[in-house]
4 protein chains.
Amino acid sequence: MAPRYKNENRKQMMSETRERLVKAAVEEFAREGYEGANISRITQAAGVATGTIYNYFPSKNEMILAILSEIGTAHCAFIAEQIRQENDFVVRVERLLEAVFGFVRENPHQGRILFAMLQGANVTFKEHLNQIYQPMFQLISDEILIPGMEQGIFQSLDPVSTTVMIMTFYLGIGSTVDENGETPLDLKEVAAFVLRALGAKLATSE
Amino acid sequence: MAPRYKNENRKQMMSETRERLVKAAVEEFAREGYEGANISRITQAAGVATGTIYNYFPSKNEMILAILSEIGTAHCAFIAEQIRQENDFVVRVERLLEAVFGFVRENPHQGRILFAMLQGANVTFKEHLNQIYQPMFQLISDEILIPGMEQGIFQSLDPVSTTVMIMTFYLGIGSTVDENGETPLDLKEVAAFVLRALGAKLATSE
Amino acid sequence: MAPRYKNENRKQMMSETRERLVKAAVEEFAREGYEGANISRITQAAGVATGTIYNYFPSKNEMILAILSEIGTAHCAFIAEQIRQENDFVVRVERLLEAVFGFVRENPHQGRILFAMLQGANVTFKEHLNQIYQPMFQLISDEILIPGMEQGIFQSLDPVSTTVMIMTFYLGIGSTVDENGETPLDLKEVAAFVLRALGAKLATSE
Amino acid sequence: MAPRYKNENRKQMMSETRERLVKAAVEEFAREGYEGANISRITQAAGVATGTIYNYFPSKNEMILAILSEIGTAHCAFIAEQIRQENDFVVRVERLLEAVFGFVRENPHQGRILFAMLQGANVTFKEHLNQIYQPMFQLISDEILIPGMEQGIFQSLDPVSTTVMIMTFYLGIGSTVDENGETPLDLKEVAAFVLRALGAKLATSE
DNA sequence: CATGAATGAGGTTTCATTCAT
DNA sequence: TATGAATGAAACCTCATTCAT
């Protein structure tokens with residue numbers, strides 16, 4: 001029973017039409033914001049009829065929540081995957097930065113939505129995102145900062161507020177990217193900036 | 001023809017109406033964002049008729065631009081004033097942080113609008129704000145970082161990108177404030193974080 | 001008593017402010033039509049405050065009626081004056097044409113209002129104008145066509161319908177003028193056309 | 001995917017809605033003029049919701065342009081059809097007149113819109129109509145006046161200005177019709193008037 | 001599932017008119 | 001008389017959502 005339901009669910013989730021809708025919606029939300037986004041434009045860009053979108057999402061509001069979940073989850077997963085490939089905590093900090101940037105550069109629309117909603121007026125969206133980004137918070141805290149401090153690689157600091165600062169900084173920096181995914185900042189400098197702030201014993205010796 | 005004092009009277013009344021409108025609009029934009037903001041609600045909150053707002057602003061769009069200008073200018077002026085009261089560059093960094101936070105704490109709605117528009121979808125608003133914040137950029141660069149580096153107080157770094165990083169960080173952190181102007185972060189920690197990142201010789205000796 | 005009232009009335013009618021308002025209104029109505037005309041633009045063009053216009057005209061509607069009366073009366077008077085300078089009925093036909101054209105060329109805005117309102121949707125305006133143009137109707141009929149026919153200069157035709165046709169033709173032709181008062185038609189040809197239609201024994205021997 | 005006959009069904013329903021909208025709009029524009037016309041009244045008269053009209057016309061302005069095109073084209077086609085049934089150029093002149101009148105009598109609302117817009121303040125509408133009436137201009141010139149003059153039936157005159165005069169006269173006369181399509185003029189007299197003006201060798205031998 | 005015309009509440013903006021000064 | 005800010009009804013238009021096909 002359960003698997004059958006799961007399969008059907010997945011089938012729906014992965015439907016090609018749905019994918020086209022999500023893709024079009026992401027671009028629309030990125031360009032226009034939530035209120036400015038237009039369902040008709042989305043369906044038109046996706047090449048389906050207006051009503052079709054309501055077979056996949058019960059409302060515009062639910063749609064953006066679903067999209068935020070998908071993007072945020074993918075973002076977190078990508079970052080986690082990148083970081084866990086490294087064992088050196090200093091390099092993990094750099095990797096974290098590269099991962100945030102890399103994701104945004106590869107998916108500029110998704111990035112824009114994320115940052116816009118994170119700062120936007122709608123509290124529901126913000127809370128939704130905060131929840132989604134919990135794993136990333138845990139990741140930074142538990143798999144970089146705390147062990148790094150314990151090993152004396154980083155200066156001993158309050159792990160919670162330091163994590164918040166790092167996340168804020170990284171997300172803030174991620175928001176400097178333009179619509180093409182480019183940023184005016186030099187990753188190496190940013191990494192060095194953060195590592196100094198963490199009191200890292202050794203910056204990357206590259 | 002009309003006596004002068006009458007005119008002054010009227011001028012004052014007009015500016016009062018304008019003030020009420022701006023105040024109401026700031027709250028509305030902060031709560032709802034640009035697209036979600038509602039002219040009728042604004043005029044109602046300001047206690048005037050719907051049409052009255054168009055005696056002061058030619059359109060909703062022009063209104064937010066005017067408001068962004070006013071807020072941004074006030075913000076920059078406040079920060080500049082705070083910073084110039086100090087001569088020590090290390091303390092200036094702390095003051096900068098306190099000023100950003102302080103302004104936002106005192107004017108949470110204004111803060112929300114700023115951060116929302118800075119990250120929002122509308123490119124026009126972003127460019128408008130970037131222009132308005134030029135003085136703050138110059139301030140950080142010319143009156144804190146560059147002289148601080150020249151005097152050996154800060155590590156020698158690229159002043160432009162460092163300024164961008166600091167602004168991004170501060171504004172990003174400013175965006176962690178809630179609707180009451182409170183932030184979960186400890187200012188002292190944030191200041192220390194930044195000063196370490198700047199390679200400051202002496203953190204505040206508190 | 002009566003003269004005093006008359007004088008005051010005239011004073012009001014001839015007030016310089018009123019003249020400026022009428023001039024501005026004529027241009028506005030000519031450019032925008034009645035519904036499209038804008039009281040604020042009129043007062044601004046006249047260099048007075050918005051409310052001032054209501055010291056001279058009780059409403060927009062009454063204003064255009066007053067303006068239509070003034071223009072129509074002036075037009076009729078001008079035509080009558082021109083025609084009565086001639087005794088030859090054939091030449092009177094030509095003079096009539098020249099007078100219609102001449103007035104419109106000298107007063108293109110007034111002309112446009114006349115023709116627009118004559119054809120426009122508002123029945124009140126049309127009836128108003130028809131009444132005003134009664135004298136011109138009588139003029140053509142009683143002082144050109146009927147005596148001309150009686151003297152055998154024009155073919156014997158029904159004077160009423162012929163008058164209507166001539167007026168229609170002239171007004172129609174008057175409506176070919178552009179905003180500068182120019183028309184693509186050659187007056188001489190038009191006069192010859194009409195005179196042939198009237199079966200005139202002799203067209204102008206020029 | 002949907003069966004074809006269903007589509008045809010829907011297409012037919014759409015064109016019915018469109019027809020109802022155009023019919024209602026024609027009456028509204030005829031009664032109120034362009035600026036005075038009210039979208040809500042049109043949709044209400046058409047028995048649809050307010051927004052429905054925007055499924056068929058992108059704006060009020062585009063709507064009247066479309067309607068002007070439809071009316072003008074129909075008018076020209078009707079006139080051309082009527083005229084080409086006759087070979088005698090004198091009779092063609094009479095037929096032209098009858099056709100102009102007949103169309104207006106059968107379609108008084110359409111007629112009113114035509115004449116109102118032809119004389120109204122809006123230059124765009126006028127230019128639009130001038131373009132639409134080009135075929136009628138060519139028709140009068142190439143298929144009545146020029147051959148008639150070549151065959152010596154009409155006096156030799158400048159064909160262009162004569163065409164303009166005839167069009168002006170006919171359209172001007174058409175504008176004497178009231179809301180029921182009636183005119184105070186006698187068609188026979190008008191025809192005789194024009195034929196005399198053209199120097200026709202033989203007026204209709206009735 | 002797909003379609004897309006229809007819906008109608010709601011949004012921004014306009015503007016003739018008023019009235020306190 | 002002159003002023004012009006205030007009024008608020010009404011206009012045009014948008015758009016998320018529905019539903020019959």
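Excluded from the calculations below are hydrogen atoms, water molecules and symmetry mates; all remaining heavy atoms, backbone and side chain alike, are included. Small disclaimer: the values here were computed from a predicted structure and weren't measured. Residue numbers begin at 1 in each chain, while the letters A, B, ... track the order of the sequences.
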> Which string of ( ) [ ] | and . matches DNA chain E, if you list each base 5' to 3' and count Watson-Crick or G-U pairs only when both distances are under 3.5 Å?
Replying inline: .||||||||||||||||||||

> Expressed in angstrom and rounded to an integer, what is the separation of A:Glu32 atom CD from F:dT14 atom P?
Replying inline: 14 Å

> Expressed in angstrom and rounded to an integer, what is the separation of B:Arg18 atom CZ from F:dA5 atom P?
Replying inline: 13 Å

>> Could you tell me how far apart D:Glu35 (CD) and F:dA10 (C1') are, to the nearest whole angstrom?
In response: 14 Å

> In terms of side-chain heavy atoms of A:Lys60, which of E:dT12, F:dC13, F:dA16 is nearest?
Replying inline: F:dA16

>> Taking only side-chain N and O atoms of C:Tyr56, does any of them lie within less than 4.0 angstrom of OP1 or OP2 on F:dA2?
In response: yes

> Under 3.5 Å, side chain of D:Lys126 to main-chain N/O of D:Gly120, donor-acceptor pair present?
Replying inline: yes

>> Could you check whether atom CD of B:Glu70 has more than 12 heavy atoms from other residues, nucleotides or ligands sitting under 6.0 Å from it?
In response: yes

>> Just to be sure I understand the rule, does B:Ala37 reach a base, reach only the sugar-phosphate, or reach nothing, if contact means heavy atoms closer than 4.0 Å?
In response: sugar-phosphate

>> Between A:Ser40 and C:Gly47, which residue's closest nucleotide on DNA chain F lies nearer the 5′ terminus?
In response: C:Gly47

>> Could you work out, with side-chain hydrogen bond (donor to acceptor under 3.5 Å, both in side chains) as the rule, every residue matching B:Ser40, not counting sequence neighbours?
In response: none

>> Distance check needed: F:dT1 P versus C:Phe57 CZ, whole Å only.
In response: 13 Å

>> Heavy atoms only, 4.0 Å cut-off, all strands: where does A:Ser59 land among base, sugar-phosphate and nothing?
In response: sugar-phosphate

Give each protein N/O atom lying under 3.5 Å from an N/O atom of nucleotides 8-10 of chain E, with the pair distance.
unit_1 : atom_1 : unit_2  : atom_2 : d
E:dG8  : N7     : D:Gly51 : N      : 3.2

> Within this structure, what is the CD-to-P distance between B:Glu16 and F:dA5, rounded to whole angstrom?
Replying inline: 15 Å

>> Rounded to whole Å, how long is the line connecting atom CG of B:Asn55 with atom P of E:dC15?
In response: 13 Å

> Between C:Tyr34 and A:Ile53, which has a closest nucleotide on DNA chain E that is more 5'?
Replying inline: A:Ile53

> Quick one: is E:dC1 close enough that its OP1 or OP2 comes under 4.0 Å of any side-chain N or O from A:Ser15?
Replying inline: no

> Taking CD1 from D:Ile39 and C1' from F:dC12, how many angstroms apart are they, rounded to a whole number?
Replying inline: 7 Å

> What residues, two or more places apart in sequence or in another chain, satisfy side chain to side chain contact (heavy atoms under 4.5 Å, CB included) together with D:Ala37?
Replying inline: D:Glu28, D:Phe29, D:Lys60

> How would you list, by chain and number, every residue that makes a side chain to side chain contact (heavy atoms under 4.5 Å, CB included) with C:Ala46, sequence neighbours excluded?
Replying inline: C:Arg20, C:Leu21, C:Ala24, C:Val48

>> Can you measure C:Glu28 atom CD to E:dA16 atom P for me and round it to whole angstrom units?
In response: 9 Å

>> Taking B:Ala30's backbone N and O only, do any of them form a donor-acceptor pair with B:His109's side chain (distance below 3.5 Å, no angle check)?
In response: no

> Under 4.0 Å between a Lys/Arg side-chain N and an Asp/Glu carboxylate O for C:Glu27 and C:Arg31?
Replying inline: no

> Counting N and O atoms only, with roles assigned by atom type, does the side chain of A:Asn107 sit under 3.5 Å from a partner on the main chain of A:Gln110, one being a donor and the other an acceptor?
Replying inline: no

> Where the side chain of B:Thr52 meets the backbone of B:Ala49, is there a donor-acceptor pair that is under 3.5 Å apart?
Replying inline: yes

> Which residues satisfy the ring-ring contact (aromatic ring centres under 6.0 Å, His included) test with D:Phe125, sequence neighbours excluded?
Replying inline: D:Tyr34

